[in-house]
Amino acid sequence: MAAKPRQKQEEMAAATIDMIGEDLLHNILSKLPAVECAAAACVSRSWNLIITRLLSLPNLSSSLSRNPNLQCAVNEVVEKVLARTIRPQFVIASIGPSFDLQEAHRLITCRFGSRIPVITSISQGIFGKDAYTNEFEEVQWDTFEDDEAHEDLGNENRGVLLTVGFLPGLTVDLIPLSKTQGNQVLMIDDLVLSIREHSSSHSGSAPPMGILLFSDEDTDIKPVLEKLDYAFSTETVIVGDGGSQFLYRGDTAINRSNNKASSSAAVALLFSTDRGKPPGVGETQFHVMLSTGISPIGPAYKAVSVRERPKDYSTWLTAKREAVRESLDGQTILDQIYDELGGHINCPALYVGVTKRRKCSIGQEKPSWINMHEFHEVLRGDEEYLYVHGVGIRSGDFFQFYQAKSDLARVSCNHVSNSFRHLRQDLNYQSDDHTNGNGLDMHKKSVFGGIMFACCGRGKLFFGEPNVDGSPFLENFPGVTFSGTYCTGEIARGDLSSYGQGSQEHSSVRCCLHVFSTVYLVMSYTPALP
């Protein structure tokens, strides 16, 4: 008989809580951590319905730790990101070079379900909100090869950045780029066809929504980007890190090594529209912005004699200027560029941007011509050749020199900030009592997260102050999750118009791997109509 009064008291208590109103109860439950949220869903049917709706909202949760102990750093960021009401759909982790990659990957993957794709990489630096201070931190590792002590970086190459996301209306697959036996040939066509197959199985004829690509530091990612850009419509967003060390785990990944934690030449995190999404689920969209940091200098040149050196991944070449018959050696070419710069003392980083016209095809498809613009770092020049990093240049290719400039990068960041302001206005962004914990307005189009890929040559040493790269997003979307990594090759689809060359001819020349740039991937959500 005692059980009935007790049961009646519990029912009355639940009813009392429910009487505060659904909106207020919604706000209270949205503050619960992921584990407690799952427990609260069992309290009553009304709570279960609210929490189900909360878990169906888009969410991006991120945290940074500079704890020098790997185990403690992982615990701090995992606990912080799961302090939100979130249903993990994918996990991206970046660690400092002094941490062990395999151990970090093991510690992170064991905290998330076996079916959740996880990518762990060693980055050149990280950017995000500190797990303890809740302040944004820009952390760059001192990985410079010179003997100069970079005290301004002020760290010991240890740290962890963890980003966990849930994007309603999209599916997530992890697809690696394999190599043939002997690691000589990249299976690029297989990667493209696998992406097509996985995407079509989820979204039918719709193109992939987006691809986050992570490339191994020893992989020449340029031909991979050529084919991805050729194979998919411009509606498909492609961004990522063009050179790092990484491990991955994914339930759908093709893993030839029979190890659950496997490395590969590259790995793609594929986002596809889910044509079988439940009723009431809105639309997640990707927006990409690019801040450039280099500008053209000097005349255009045409490659004459070209020698590739695959062993040290370099190219030796001579060239001539347009309308000039004489072939020029490397020292003469550099002298001309130094004259343009006013001398070569303290000369900034130099690159050549090479326009390449090539035939491209996937599998047995008929080849088509494409025009790509690719950057190669200038190594040196002598009385015979100009030496540049990388391969793939042919005789007859035109190129121009580019220099890195911090003032130009600042101007470009301002342009990105203006674009974000227009995006915010277009989406009617606002933060009020109807938002969830990620600044998302449940009734209007809103930005709910952003990810940044910035060149390791930028940051505090480049600009003279921290957080310049992150400021365009932070100023326009305060309170919204934002994180990023510093890398050695920034992936983003674009064309030469991004570099101030706005003619119609240049807009047809594609450019997907950038230098001294920052790529911003912004995520927005449009709720379903009631």
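These numbers come from the heavy atoms of this one structure, side chains and all, not from hydrogens, waters or symmetry mates.
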- request: Return yes if some donor-acceptor pair links the side-chain N/O of T318 with the main-chain N/O of S305 below 3.5 Å, else return no.
  value: yes

- prompt: So is R358 actually on top of W369's ring, under 6.0 Å and inside 45° of the axis?
  reply: no

query: Hey, are K302 and D397 close enough for a salt bridge, meaning a charged N less than 4.0 Å from a carboxylate O?
result: no

- prompt: Using a distance-only test with no angle check, is there a side-chain donor-acceptor pair under 3.5 angstrom linking D220 and Y313?
  reply: yes

Lys/Arg-Asp/Glu bridge criterion (N-O < 4.0 Å) met for R458, E138: no

- request: Please report the closest heavy-atom contact between A454 and T518, naming both atoms and the distance.
  value: CB-OG1, 3.5 Å

query: Side chains of T355 and H373: donor-acceptor distance under 3.5 Å anywhere?
result: yes

query: Please walk me through it: do I491 and V519 pass side-chain contact (heavy atoms from CB on, under 4.5 Å)?
result: CA-CA 7 Å; I491 297 171; V519 177; over 6 Å; no

message: Just to verify, which of S61, S62, S63 counts as forming a side chain to side chain donor-acceptor pair (under 3.5 Å) with T163?
response: S62

message: Regarding H105 and T120, do their side chains bring together a donor and an acceptor under 3.5 Å, going by distance alone?
response: yes

task: For D216 and Q245, indicate whether the former's side chain and the latter's backbone hold a donor-acceptor pair under 3.5 Å.
output: no

message: Contact between S295 and Q403 at the side-chain level, heavy atoms closer than 4.5 Å - yes or no?
response: yes

field: No-hydrogen, no-angle side-chain donor-acceptor test under 3.5 Å, S417 and N476
entry: yes

message: My understanding is that only residues two or more places apart in sequence, or in another chain, count here; which of them pass side-chain contact (heavy atoms from CB on, under 4.5 Å) with S121?
response: S94, S244, F246

field: Short side-chain to backbone donor-acceptor contact, E308 and G392, under 3.5 Å
entry: yes

message: Please determine whether salt bridge (charged side-chain N to carboxylate O under 4.0 Å, His left out) holds for the pair R196 and E365, giving the CA-CA distance in whole Å, both sets of side-chain angles, and the decisive distance to 0.1 Å.
response: CA-CA 14 Å; R196 285 178 174 175; E365 298 174 0; 2.8 Å; yes

- prompt: Would you find more than 12 non-hydrogen atoms of other residues, nucleotides or ligands less than 6.0 Å from E103 atom CD?
  reply: yes

field: Positive for ring-ring contact (aromatic ring centres under 6.0 Å, His included) with F482, one of F477, F127, F448
entry: F127

Distance, nearest 0.5 Å, that separates OG1 of T315 from CZ of R394: 12.0 Å

message: How long is the straight-line distance from SG of C512 back to CD1 of I221, given to the nearest 0.5 Å?
response: 11.0 Å

query: Is the closest side-chain heavy-atom distance between V306 and W316 below 4.5 Å?
result: no

- request: Go through the steps for S314 and H389 under the test side-chain contact (heavy atoms from CB on, under 4.5 Å), then give the verdict.
  value: CA-CA 4 Å; S314 67; H389 183 259; 5.9 Å; no

field: Non-hydrogen side-chain atoms of L521 and L212 separated by less than 4.5 Å
entry: yes

query: Can you tell if the side chain of D329 reaches within under 4.5 Å of the side chain of I333, non-hydrogen atoms only?
result: no

query: Quick one: do the D173 and H202 side chains pair a donor with an acceptor below 3.5 Å?
result: yes

message: Restricting to non-hydrogen atoms, name the atom on S203 and the atom on S272 that form the minimum distance, rounded to 0.1 Å.
response: OG-CB, 4.4 Å

query: Donor-acceptor pair, S264 side chain versus V267 backbone, under 3.5 Å?
result: no

- request: Look up atom OH in Y385 and atom CZ in R309, then write down how far apart they are to the nearest 0.5 Å.
  value: 10.0 Å

query: What closest approach, in Å, do L174 and R249 show between heavy atoms, and which atom pair accounts for it?
result: CD1-O, 3.6 Å

- prompt: Does the H514 side chain pair with the main chain of G489, one donor and one acceptor, at a distance under 3.5 Å?
  reply: no

message: Please verify the inter-ring angle class for F90 with F271; under 30° counts as parallel, over 60° as perpendicular, anything in between as tilted.
response: perpendicular

- prompt: From I92 CD1 over to L269 CG, what is the distance, rounded to the nearest 0.5 angstrom?
  reply: 5.5 Å

task: Measure the CD1-CG distance between I95 and N157 for me, rounded to the nearest 0.5 Å.
output: 11.5 Å

task: Would you confirm whether T481, through its side chain, and L60, through its main-chain N or O, come within 3.5 Å as a donor-acceptor pair?
output: yes

- prompt: If only atom types and distance count, is the side chain of H287 paired as donor or acceptor with the main-chain N or O of V522 below 3.5 Å?
  reply: no

message: Any heavy-atom pair between the side chains of M523 and F286 that's under 4.5 Å?
response: yes

message: Could you check whether Y301 and Q336, counting side-chain N and O atoms only, form a donor-acceptor pair closer than 3.5 Å?
response: yes

Contact check, side chains of D469 and C413, non-hydrogen atoms, under 4.5 Å: yes

query: What are the two closest non-hydrogen atoms of Y230 and S361, and how far apart are they?
result: CE2-CA, 3.9 Å

task: Look only at the side chain of S194 and the backbone of D190, and say whether a donor-acceptor pair between them is shorter than 3.5 Å.
output: yes

statement: Output for pair (R493 CZ, R510 CZ), nearest 0.5 Å, gives 5.5 Å

Name of the residue among I211, D229, V288 meeting side-chain contact (heavy atoms from CB on, under 4.5 Å) with I238: I211

message: Do P176 and Y248 make a side-chain contact, defined as non-hydrogen atoms from C-beta onward lying under 4.5 Å apart?
response: yes

- prompt: Are any of the side-chain heavy atoms of Y486 and S123 separated by less than 4.5 Å?
  reply: no

query: Does any N or O in the side chain of Q124 come within less than 3.5 Å of the main-chain N or O of G96, such that one atom is a donor and the other an acceptor?
result: no

- prompt: Got a donor-acceptor contact below 3.5 angstrom from the Q140 side chain to the K460 backbone?
  reply: yes

- prompt: Does R380 have any salt bridge (charged side-chain N to carboxylate O under 4.0 Å, His left out) partners at least two apart in sequence or in another chain, and if so, which?
  reply: D382

message: Looking at every heavy atom in both G128 and L161, which two are closest together, and how far apart are they?
response: CA-CD1, 4.4 Å

message: Testing F401, Y402, F516 one by one against F375 for a ring-ring contact (aromatic ring centres under 6.0 Å, His included), which residue passes?
response: Y402

- prompt: Do F232 and V192 pass the side-chain contact (heavy atoms from CB on, under 4.5 Å) test, and can you show the C-alpha distance, the side-chain angles, and the key distance before you say yes or no?
  reply: CA-CA 9 Å; F232 298 105; V192 173; 4.2 Å; yes

message: Tell me the closest heavy-atom pair linking P117 and V172, and the distance in Å.
response: CG-CG1, 4.2 Å

message: Whether K356 and E374 form a salt bridge (side-chain N of Lys/Arg under 4.0 Å from carboxylate O of Asp/Glu) is what I want to check.
response: yes

